[in-house]
Novice: 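Questions regarding the structure given below will be posed in turn.
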Amino acid sequence: MGWGNIYRRRMKVFTAALIIYLDYKAVQQRGKWTSKSKRNALWEKAHERNAKRVLSLIIKLEGLWVKLGQYLSTRADVLPEAYISLLKQLQDSLPPRPLKEVCRTIQKEFGKSMDDLFAEFVEKPLATASIAQVHRATLLNGQEVVVKVQHDGIKAIILEDLKNAKSIVNWIAWAEPQYDFNPMIDEWCKEAPKELDFDHEAENTRTVAANLGCKKSPGESYSSNRVNVLIPEVIQSTKSVLILEYMDGIRLNDTASLEAFGIDKQKIVEEITRAYAHQIYVDGFFNGDPHPGNFLVSKEAPHRPILLDFGLTKKLSSSLKHALAKMFLASAEGDHVALLSAFSEMGLRLRLDMPEQVMEITSVFFRSSTPATEAQQNLKSLAEQREKNMKAIQEKLQLNQKEVKRFNPVDAFPGDIVIFGRVLNLLRGLSSTMNVRIVYMDIMKPFAEAVLGNINKTPAANAQWIYNTPVHSDVETKLRQLLVELGNNDKILGIQVCAYKDGEVIIDTAAGVLGRYDPRPVQPDTLFSVFSATKGITAGMLHWLVDNGKLKLDENVANIWPEFRGNGKEHIKVHHILNHTSGLHNALADLRGENAFLMTEWDACLKLIEASQPETEPGKQQLYHYLSFGWLCGGIIEHASGKKFQEILEEALIRPLKIEGELYVGIPPGVEARLANLTLDTDDLKKLSEMRNRAEMPSTFQLNNISELAEYLPAFFNMLNVRRAIVPAANGHCSARALARYYAALADCGVVPPPHSSASNPPLGSHPHIPKFPSKKTDEKQKGKVDGGVKNERSDGRQNIYIRIEEDDDDDEEKCSKSSRDTSKGGGPENKKGKIFSNPRVHEAFMGVGEYENMCLRDGVFGLGFRRLKSKDGDGSYSGFGHSGMGGSTGFCDVKNRFAMAVTLNKLSFGGVTAKIVELICSELNLPLPEGLSGSGDINRPLIN
């Protein structure tokens, strides 16, 4: 191309782009002063005008712009009908190049005359596209073929068009910053030139055909996810000519022929979608250009899709293939933690910490397709959702209109997933064009699961299933053997076990993987959701305030918390709350059905507690306060101390015990990389039907309720915004070593144990409790840097997804610094020389015995905040205390034997795994078995509190 042609071509592109842009801006302004009834007509006319402009320009320029037109023509799910109806002729109906030019190219490439190559060559092309045209021919041996011939001089045109497209994208990003398509155009600039090498396309065609099993002989076996499609065989190729076997088929846009042959369009598009799911998730090698012109349907029954044109293909690394599968499955299951982990593995980083929006974005990405008739509604819905999201961003970051317009929530966008996104959009457009509805979640899920379904989850498949830490004792060796056995029986996904004896660590084992679709190993510092084991932590905080003279156990709650007074709650005392005898056992029970997300709102839940009414007289009946316990204690803690719940947690327990970064009630941003994902042991769930109701449980927490709750809990508590909520009855996140250290201190009347085992790596307490993020200024400087940019990195190589822009919180940072200085010597003035409690009878308080006996219901399972534990086959006295959570996570101590242990796990069962572990350890140490935490054969006593 001469400079004159380049200049003229560039001027045509930019002139058309400017005219279309100004036209739409003018319509936008006119629409403000037009009645609603006339506004739609105004926009329809604008779409018709500009679609004609786009089509005219593309036909004149050809080259890369045809590719763009083909892509737009498939987006019937989001583009106006005017564009679809005009641009769809670009799929295969461009003006052909002269036959003389075609023959010259063929003869030059093969070094032979046309007569030496073909017995017959049809002059009229079957189709003409952006970079080549296809002719039917017959080889000298009689085989029918198609010959794909590259347009002469197309390479220079494509490269110039890429430069122009890049310039337009830059201009759009400047004029309308919220529409920055640079990552997309950069990836296209890298991939598009590969389409110009037909030897490359021939090899791609062979690879995809082999991967999909298109040429398997009758005796060969197929995978369970076999797809039923056809791909033409490659006969011969050069850089500019490709000869393929001829397959007689019907084009997807030939509706009349499809109907005449009785072809089921739904099945055809579903099979095409399955073929792409196989290519992406199973093979990691896929065609990046699935527009309607690249498909036929075989005329012979059974009618099968014929896949064509493998010039633009994408090869995925094994790690990226796994990350894409994880992203898909996390989106399907609403698992925020796995989703953010997938983003991190892909190299996608966000500049904003709003997990609920991230899930919305991926849900849109994998949404079901709809017929083209619903395109306008889709456009409206997507626009409304974007406006809602940007408003939330504006409020969170306190941006003005100009700033929010230029705000881009994505800090780093990996080019590898651009083609993947393009394929999904093209497939969605294809189904809309064909007027069929495709549920991508259902069709693609088996293929994504095939990639991640056996990700070294069992010891038999993973030599590193037990995390590599030193063995502390002989009993730990035997414990690890038991864990391997349970893991191979699919009873464990991920687990941690830690135990102290006489103040020293004797067990500290981590094993398994972080989640069903997350093959990363569980480490000693992994954070598990421990559900109601949180109550034991919350109770300890309240006892700490009693120990420091901030309140009394026999004090009326209303005296501490004035808003609590009323509705018959005047006589409820602090010890009634701790002993589960306040009569408020069903308070907030309706949240599960009415609005579960309300439990993430601290102030709203406190107000509901204030408005609640007891069902029984205080102190008369012990019924488990499974949900209300946390906010009852939390309200008392905040009102008695004058501080926030989290402040007391850090002051009373975290800093004195030196367990920073490994025990939370509501996690902070920045720890996502260490979270274990929850899943359910469905076999255990089936056993609930064989169990009996329990007298100590309230009416809203019996077996039928628990069964429903168990199915709903993993999905709900895998949501990151839920994990961040302060729910003091159920939302603790901790490692087993942090929870065990807490109970080891309680076992010794609050004496802080010696530093945790130096063999643990990373060391306990080495994480910042509240992770820091780059400042806004630093972030702006680093914007767009993927390798060497600011990452919230950790010493062990794991990194978090967010490069978060912080609000202006210098005052808060100063407070945190001051608090850190004040407490750097061991938890502040309240830390009594290595003790977190000074009361020598604090054990009696925890268990509700001795002088505290009159504060507890006789023979009740609970003391003051903890479950009381008797020794099996003992004298009937209480030997210890602790608390378990739904799913089996547990922490407890045996006071008489100075023993403490904790189990955390992510495959929720009803205590069978935990019971086996407790039984083994107690047996090996010759310790009495605690009732309620052992006896795995007792099906009527599931471990749920």
Side-chain angles (χ1 to χ4, degrees), residues 472 496-508 524 530 533-548 578 637 648-665 732 734-758 760 763-766 769 823 825-847 863-869 878-884 889-904 927 930:
H472 296 78
Q496 296 167 326
V497 183
C498 183
Y500 280 73
K501 182 72 174 73
D502 299 323
E504 298 290 337
V505 177
I506 61 168
I507 295 171
D508 189 7
V530 295
T534 313
K535 292 181 175 74
I537 298 164
T538 302
M541 294 165 61
L542 204 151
H543 279 287
W544 183 85
L545 289 175
V546 172
D547 200 63
N548 282 276
L578 289 170
I637 288 168
I648 296 299
L649 175 60
E650 291 185 45
E651 185 178 350
L653 305 179
I654 303 299
R655 292 195 292 266
L657 292 173
K658 296 181 173 27
I659 53 175
E660 288 88 345
E662 293 196 30
L663 193 153
Y664 298 97
V665 179
C734 62
S735 63
R737 63 183 184 175
L739 189 58
R741 186 170 175 81
Y742 168 62
Y743 276 101
L746 299 190
D748 277 349
C749 284
V751 176
V752 176
H756 194 76
S757 169
S758 59
S760 288
L764 177 61
S766 62
H769 195 62
T823 60
K825 296 182 180 180
E830 293 80 0
N831 186 34
K832 310 161 188 74
K833 296 183 179 179
K835 292 188 71 174
I836 54 176
F837 293 102
S838 60
N839 178 7
R841 296 183 179 276
V842 71
H843 286 158
E844 293 183 0
F846 295 153
M847 292 186 284
L864 294 178
F866 297 88
R867 178 174 179 138
R868 306 191 279 199
L869 302 176
Y878 295 110
S879 59
F881 53 89
H883 218 296
S884 300
S889 291
T890 297
F892 77 96
C893 61
D894 179 335
V895 175
K896 293 180 180 179
N897 293 286
R898 294 187 67 209
F899 173 71
M901 71 171 287
V903 177
T904 54
L927 298 175

Novice: Does a side chain donor of either S879 or D894 reach within less than 3.5 Å of an acceptor in the other side chain?
Specialist: no

Novice: Give, for atom CD of E650 and atom CE of M541, the distance between the pair rounded to the nearest 0.5 Å.
Specialist: 10.0 Å

Novice: Restricting to side chain to side chain contact (heavy atoms under 4.5 Å, CB included), what partner residues turn up for A499, sequence neighbours left out?
Specialist: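 I506, I507, F899, M901.
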
Novice: Looking only at heavy atoms, which two atoms of P930 and F892 are closest? And how far apart?
Specialist: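 Here P930 and F892 meet closest at CG-CE1, 3.9 Å.
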
Novice: Could you walk me through whether I537 and L653 satisfy the side chain to side chain contact (heavy atoms under 4.5 Å, CB included) test, starting with their C-alpha distance in whole Å, then the side-chain angles of each, then the deciding distance to 0.1 Å, before giving a yes or no?
Specialist: CA-CA 9 Å; I537 298 164; L653 305 179; 3.9 Å; yes

Novice: Applying side chain to side chain contact (heavy atoms under 4.5 Å, CB included), run through N839 and H543 and close with a yes or a no.
Specialist: CA-CA 10 Å; N839 178 7; H543 279 287; over 6 Å; no

Novice: Within the 4.5 Å heavy-atom criterion, are R737 and Q496 side-chain neighbours or not?
Specialist: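 Heavy-atom side-chain distance check fails, nothing below 4.5 Å.
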
Novice: Testing the 3.5 Å rule here: is there a donor-acceptor pair between the side chains of Y500 and H756?
Specialist: yes

Novice: I need the minimum non-hydrogen distance between A539 and L864, along with the two atoms involved.
Specialist: CB-O, 4.5 Å

Novice: Name all residues meeting the ring-ring contact (aromatic ring centres under 6.0 Å, His included) criterion together with F866; count only those two or more places apart in sequence or in a different chain, and write none if there are none.
Specialist: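 Listed in chain order: F846, F881.
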
Novice: Is it true that a side-chain atom of Y742 and a backbone atom of I659 form a donor plus acceptor pair closer than 3.5 Å?
Specialist: no

Novice: Taking atom CG of N548 and atom CD of E651, what is their separation to the nearest 0.5 Å?
Specialist: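 If I round to the nearest 0.5 Å, the distance is 8.0 Å.
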
Novice: With side chain to side chain contact (heavy atoms under 4.5 Å, CB included) as the criterion, how do V665 and L649 come out once you've worked through the C-alpha distance, each side chain's angles and the decisive distance to 0.1 Å?
Specialist: CA-CA 8 Å; V665 179; L649 175 60; 4.0 Å; yes

Novice: State which residues pass salt bridge (Lys or Arg N to Asp or Glu O under 4.0 Å) with R741; sequence neighbours excluded, sorted by chain then number.
Specialist: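 If we apply the salt bridge (Lys or Arg N to Asp or Glu O under 4.0 Å) test to R741, skipping adjacent residues, there are no hits.
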
Novice: Give every residue pair that meets the salt bridge (charged side-chain N to carboxylate O under 4.0 Å, His left out) criterion with at least one member in residues 534-546, sequence neighbours excluded.
Specialist: none

Novice: Considering non-hydrogen atoms only, spot the tightest contact between S735 and P524 and give its length.
Specialist: CB-O, 3.4 Å

Novice: Please report the shortest heavy-atom distance between A745 and I836, naming the atom on each side.
Specialist: CB-CD1, 4.2 Å

Novice: Can you measure from NE2 (H883) to CZ (R867) and round to the nearest 0.5 angstrom?
Specialist: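 Reported to 0.5 Å precision, the distance equals 9.0 Å.
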
Novice: Mind checking what makes ring-ring contact (aromatic ring centres under 6.0 Å, His included) contact with Y664, not counting sequence neighbours?
Specialist: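 Result, ring-ring contact (aromatic ring centres under 6.0 Å, His included) vs Y664: H769.
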
Novice: From L927 CG over to N897 CG, what is the distance, rounded to the nearest 0.5 angstrom?
Specialist: 5.0 Å

Novice: Would you sort out whether E844 and Y878 count as a side chain to side chain contact (heavy atoms under 4.5 Å, CB included), showing the intermediate values?
Specialist: CA-CA 10 Å; E844 293 183 0; Y878 295 110; over 6 Å; no

Novice: Where do E660 and I654 come nearest, in terms of heavy atoms and distance?
Specialist: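 E660 and I654 have their closest heavy atoms at CA-CG2, 3.7 Å.
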
Novice: Indicate yes or no for a side-chain donor-acceptor contact from S889 to the backbone of V530 under 3.5 Å, with no hydrogens or angles considered.
Specialist: no

Novice: How close do C893 and A747 get, heavy atom to heavy atom, and via which atoms?
Specialist: CB-CB, 3.8 Å

Novice: Return the set of residues passing ring-ring contact (aromatic ring centres under 6.0 Å, His included) with H843 (not counting sequence neighbours), or none when no residue passes.
Specialist: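 Result, ring-ring contact (aromatic ring centres under 6.0 Å, His included) vs H843: none returned.
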
